[in-house]
Participant: 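Just passing along the structure, written as structure tokens.
Below, all heavy atoms of this structure are taken into account, side chains as well, without hydrogens, waters or symmetry copies.
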Amino acid sequence: MFDFSVFTSWLDAALLSVMPGWLTILVECVLVALGIITLYAIFAMVMIYVERKFCAFVQCRLGPDRVGPWGTIQVVCDVLKMLTKEIVSLRKTDRFLHALAPFLVVTASMTTFACLPWNKGAQILDFNVGVFFFLAIGSIGVVGILLAGWSANNKYSLIGAMRAGAQIISYELSIGMVMLTMICLTGTMSFSEICQNQAEGGWYIFRGHFVALAAFIVYLIAGNAECNRGPFDLPESESELTAGYHTEYSGMDFGFYYLAEYLNLFICAGMASTIFLGGWAPFVIPGLDGFNEVMAIIPGFVWFLVKVFFVLFLLLWERWTFPRLRIDQILTLEWKYLIPISMLLLVLMALCVSLGLTF
Amino acid sequence: MANTSYFAGLIGGIKSLCTGLGVTFRELWTPKITERYPENRKENHIPERFRGTLVMPHNENNEHKCIGCGICQMQCPNGTIKVETKMVETADGKKKKQLVRYVYDHGCCMYCMLCTRACPQGAIEFSPEYEGAVFARESLFKVLNQPGSKCVEKPARPAAAKPAAATEGAKPAVAQPQTADADAAKAKAEKMAAAAKKAAENAAAARAAANEAKAAAEANAADTALQEAWKEAEAKALKLETAAKNFAQKAAEAAADVK
Amino acid sequence: MNAQDIMFVILAVFIVCSAFATVISRSIVRAATYLLFVLLGTAGLYFLMGYTFLGSVQTMVYAGGVIVLYVFSILLTSGQQEELRTTNLKKTVAGLVIALVGFGVFASVLFMYGFAPIDFAASSFLASPDESVISMDTIGTHMLSTDKDGYLLPFEAVSVLLLACIVAGIVIARKR
């Protein structure tokens, strides 16, 4: 398996030989940031296209097919349109918070995006508390949503923001609980180590058998709710709140929310594939060395993307199947079903690990 | 959920969610029903009963079934249809209405089908022709009877139909009927103008009489007979005046038609 | 000056400015937002020192939890922009006195600590971060151990406190 850190350490050494240490760090940070932003934009566009096509296919339609082959250029056109639109500033709003809120949301989303392990050695943020850091940074996005709803001085925005707040805070609990369940199994919080373990001993969804599988499903449900996507999309339910917390945003300010929504979905899928399906780790069966060698020929980022798009398929499938829930149904689902289930899973997983019932 | 237990509700919920997922998964692979319109306009199938536009079917002899009765025009809630007719004398000396122009305003039509239902002859019907977009509003006015067409004759008198068709066919298709129309309209306008003039004279006379009666009645307020006479004269004058107005309006319309 | 020092200065200025903005701001939601920046800056300092666990806790608990609850409760209670009214002279004087006393306490603590004198000739003003990061295992073991450096008692005390909070919340919210 190709180790991407060979390239990064070579680049670091090359830069260090021509410039002082602080400038090297600055240049590297700028390069990494550019990389993140480019990938972020590209994946947002891919996601929007995939979403529109998938939604159309579920509804027995063809979806966008006018611009470019199979409508592939459609998203580019939409992005250009969004970029050239006027950003409207409103009277009687809190200008500063109104302008700040989309950046909080998009910053939180980008930072969590940086946690994804793309390949062996190709990971931007890799702490020993990686999973915890991921959850922590992800929780800042809620502040952005709440501020967006409040600063717009619009009751629809405010209602949307309150719903989003209640929903995201609630579902963060079961996400945290499921993460803890898996950390019982992994024994580490660092994403690179989690992936390395799975590259050597098989994916955790197989090693943790039915407990991990149940945790995977709970994670998908809670992750979907965390991204404010249907059937949990009532913070921005267009039929009752026009657009929820981003009603008053226009142009690229709105575009940031749009980007963040799709990228949060991508990040949710990326996390699921990292923790449960092995991230960049190829499909290995311990003991069958020949098979493992063949699997290892496929590069890590291909494995990662394939897994991410598989999880995305599951998420989109769910999103376009179920109708929107009411706020009390959402909270009932979380507090009466998902949290007890995830607590039970945590206990079960702890039992399995301590009794050696995992693989 | 109220009368089921927690676990039964949970399991039932999971089952129903899985059913939903199954439905959408099957739907994902079904053939898509989207019509790719501009590319498939040749083979695009529109159902027969689709109401696209009003048409008047003509047979191979360029004959339609419209007898010019105007019921469709009266039925239309939007004033979409205008039937223009003229009186002609048939070979056996009977007067008969004949269709001149059947004007249909596509922009006004709401496709209610009241006209086709009302038509006693089944002369008009809706066709599934759906490409109704045009560049100018005027283009939405369509003359449904084809130039030179005529009403189909009853099969009982095929001999009479032939010469009529021949004479009709001999005329240049578009120009002749129009001049004939213009002549007819001109004659009508002159007639109308004369009638209007006469009516106006009548009205003026009645008004003068009424004024006289009024003066008399005012002079002798006690005389009830004079009062009655005044009222009568006044009513007559009013009636004649409205009639005169109507005639004047009709005359103006006829004059406008000539133009 | 190395990159470490530059980042420290940037973060310090950021924290101080945000802290001032927090107390000066008239709008309560804005004050909460500036407080979020202060807390994020502090988390940044922890990351700079290599304490990733502490930094994550700071972000999770304060930035993601406390501030969200602040904003939430502000939205639930006041609704409209409720700006602070100008205060009268008595309140101003009282506030000034309290602020001065607080500043005096902090300043005296800072000056009495006796920091090592700054060596301007050195390449870096700050001690370089401890590269040997403490693993999660160690932190977890210490949290739940009853040994010399064990934190089991405070840990359990905190959990009892949280339990009390949950029970209190249910009691308040319960329909009678």
Participant: Is the count of non-hydrogen atoms from other residues, nucleotides or ligands lying under 6.0 Å from C:Tyr62 atom OH greater than 12?
Facilitator: no

Participant: For A:Phe96 and C:Arg30, which heavy atoms make the closest approach, and how far apart are they?
Facilitator: CB-NH2, 3.6 Å

Participant: With a 4.5 angstrom heavy-atom cut-off, could you sort out which part of C:Leu36 is near chain A: side chain, backbone, both or neither?
Facilitator: side chain

Participant: Within a reach of under 6.0 Å around CZ of A:Phe256, are more than 12 heavy atoms found that belong to other residues, nucleotides or ligands?
Facilitator: yes

Participant: What part of C:Val61 is in contact with chain A, defined as an atom under 4.5 angstrom from a non-hydrogen atom: side chain, backbone, both or neither?
Facilitator: neither

Participant: What part of A:Ala166 gets closer than 4.5 Å to chain C, counting heavy atoms only: side chain, backbone, both or neither?
Facilitator: both

Participant: Mind ranking A:Leu97, A:Thr24, A:Leu26 by heavy-atom pairs under 4.5 Å with chain C and telling me who comes out on top?
Facilitator: A:Leu97

Participant: What part of A:Leu100 is in contact with chain C, defined as an atom under 4.5 angstrom from a non-hydrogen atom: side chain, backbone, both or neither?
Facilitator: side chain

Participant: Hey, which residues of residues 132-140 of chain A are touching chain C, say heavy atoms under 4.5 Å apart?
Facilitator: A:Phe132, A:Phe133, A:Leu135, A:Ala136, A:Ile137, A:Ser139, A:Ile140

Participant: For C:Ser27 and A:Trp150, which heavy atoms make the closest approach, and how far apart are they?
Facilitator: OG-CH2, 4.1 Å

Participant: Using non-hydrogen atoms and a 4.5 Å limit, figure out which bit of C:Phe47 sits close to chain A: side chain, backbone, both or neither.
Facilitator: side chain

Participant: With only heavy atoms counted, which part of A:Leu104 is less than 4.5 Å from chain C, the side chain, the backbone, both or neither?
Facilitator: side chain

Participant: For residues 158-168 of chain C, please give each side-chain donor-acceptor pair under 3.5 Å, one per line with the distance, not counting sequence neighbours.
Facilitator:
unit_1	atom_1	unit_2	atom_2	d
C:Ser159	OG	C:Glu156	O	2.6
C:Ser159	OG	C:Glu156	OE1	3.4

Participant: Got a sec: does the CZ of C:Phe14 have more than 12 other heavy atoms crowding it under 6.0 Å?
Facilitator: yes

Participant: Below 4.5 Å from any heavy atom of chain A, which atoms of C:Phe37 appear? Answer side chain, backbone, both or neither.
Facilitator: side chain

